[in-house]
Amino acid sequence: MDVYKTITSLVEKYKIVPSTLKLEITETAIMTGTAGEIEIIEQFRKYGFEVEIDDFGSGYSSFSTIRDYDFDVVKLDMGFVQKIGTTARANAVIQAIIDMAHAIGSKVVAEGAETKEQVDALRDMKCDYIQGYYFSKPLSEEEFEALL
């Protein structure tokens, strides 16, 4: 199956603007995938999709992933966020990842923020986006509409 052709044909069939869609690829999928991912990711980006690496830092993490692939967004795994404030070293690593992502032109989403302290620290670290239970638990469609 050609993933690129399948997705782009659906975009064309339903007249979807590619830039309104985000393609999330887990770091694990890249590490265990087949050759050719760099080219496929670049094809998606040229077509207009935003490509995100999800769960960055979970499990076996390699900086070569963000060196070799051109991601628009690096989604920091919640395991890092949970360590905020536990040690100066933990905070320094998170800050370094955010700074590195910004240096290569990527935005950063921190996943799994649950406390005001975590949110405040991530804001101080200039994290672009923060998500987690601090803001809201997952909502059904009805709950989301009522919230709006």
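Numbering of residues begins at 1 and proceeds along the displayed sequence. Quick note: numbers below take in every heavy atom, side chains included, and nothing from hydrogens, waters or symmetry partners.
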Taking [atom1] in [X] as the centre, count heavy atoms belonging to other residues, nucleotides or ligands within less than 6.0 Å. Is the count above 12?
X    : atom1 : answer
F135 : CZ    : yes
F144 : CZ    : no
K22  : NZ    : yes

**salt bridge (charged side-chain N to carboxylate O under 4.0 Å, His left out): pairs with one or both residues in residues 85-113, sequence neighbours excluded** =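 Found K75-E111.
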Identify the heavy atoms of [X] and [Y] that sit nearest to each other, and give their distance.
X    : Y    : answer
D128 : S106 : OD2-O, 4.4 Å
L122 : V81  : CD1-CG1, 4.2 Å
R45  : D70  : NH1-OD2, 2.6 Å
G57  : D77  : C-CB, 4.4 Å
G112 : M78  : CA-CB, 3.8 Å
G85  : N91  : N-OD1, 2.9 Å

To the nearest 0.5 Å, how far apart are [atom1] in [X] and [atom2] in [Y]?
X   : Y    : atom1 : atom2 : result
L76 : D55  : CG    : CG    : 10.0 Å
I66 : I104 : CD1   : CD1   : 4.5 Å
D54 : L23  : CG    : CG    : 12.0 Å
F56 : I97  : CZ    : CD1   : 5.5 Å
D72 : F44  : CG    : CZ    : 13.0 Å

Do [X] and [Y] land in one hydrophobic cluster if side-chain heavy atoms of ILVMFWY residues count as linked below 4.5 Å?
X    : Y    : result
Y133 : V119 : no
Y14  : V3   : yes
V109 : V93  : no

Taking only residues two or more places apart in sequence or in another chain, which ones pass side chain to side chain donor-acceptor pair (under 3.5 Å) with [X]?
X    : result
D68  : none
K13  : none
Y47  : E12
E143 : K137, S140

**Prompt:** Yes or no on side chain to side chain contact (heavy atoms under 4.5 Å, CB included) for F49 and T8, after CA distance, side-chain angles and deciding distance?
**Reply:** CA-CA 10 Å; F49 290 98; T8 56; 4.2 Å; yes
Residue pair [X] / [Y], side-chain heavy-atom distance below 4.5 Å:
X    : Y    : answer
I25  : V51  : yes
D120 : R123 : yes
Q82  : Q118 : yes
I84  : I94  : yes

**Message:** For residues 71-108, which residue pairs pass the ring pair (Phe, Tyr, Trp, His ring centres under 6.0 Å) check, not counting sequence neighbours?
**Reply:**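 Counting only pairs at least two positions apart or across chains, the ring pair (Phe, Tyr, Trp, His ring centres under 6.0 Å) contacts touching residues 71-108 are Y69-F71.
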**Asked** Do E24 side-chain atoms and E52 backbone N/O form a donor-acceptor pair below 3.5 Å?
**Response**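 Checked: no pair found.
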**Worked verdict on V73 versus Y129 for side chain to side chain contact (heavy atoms under 4.5 Å, CB included)** = CA-CA 10 Å; V73 175; Y129 305 101; 5.7 Å; no
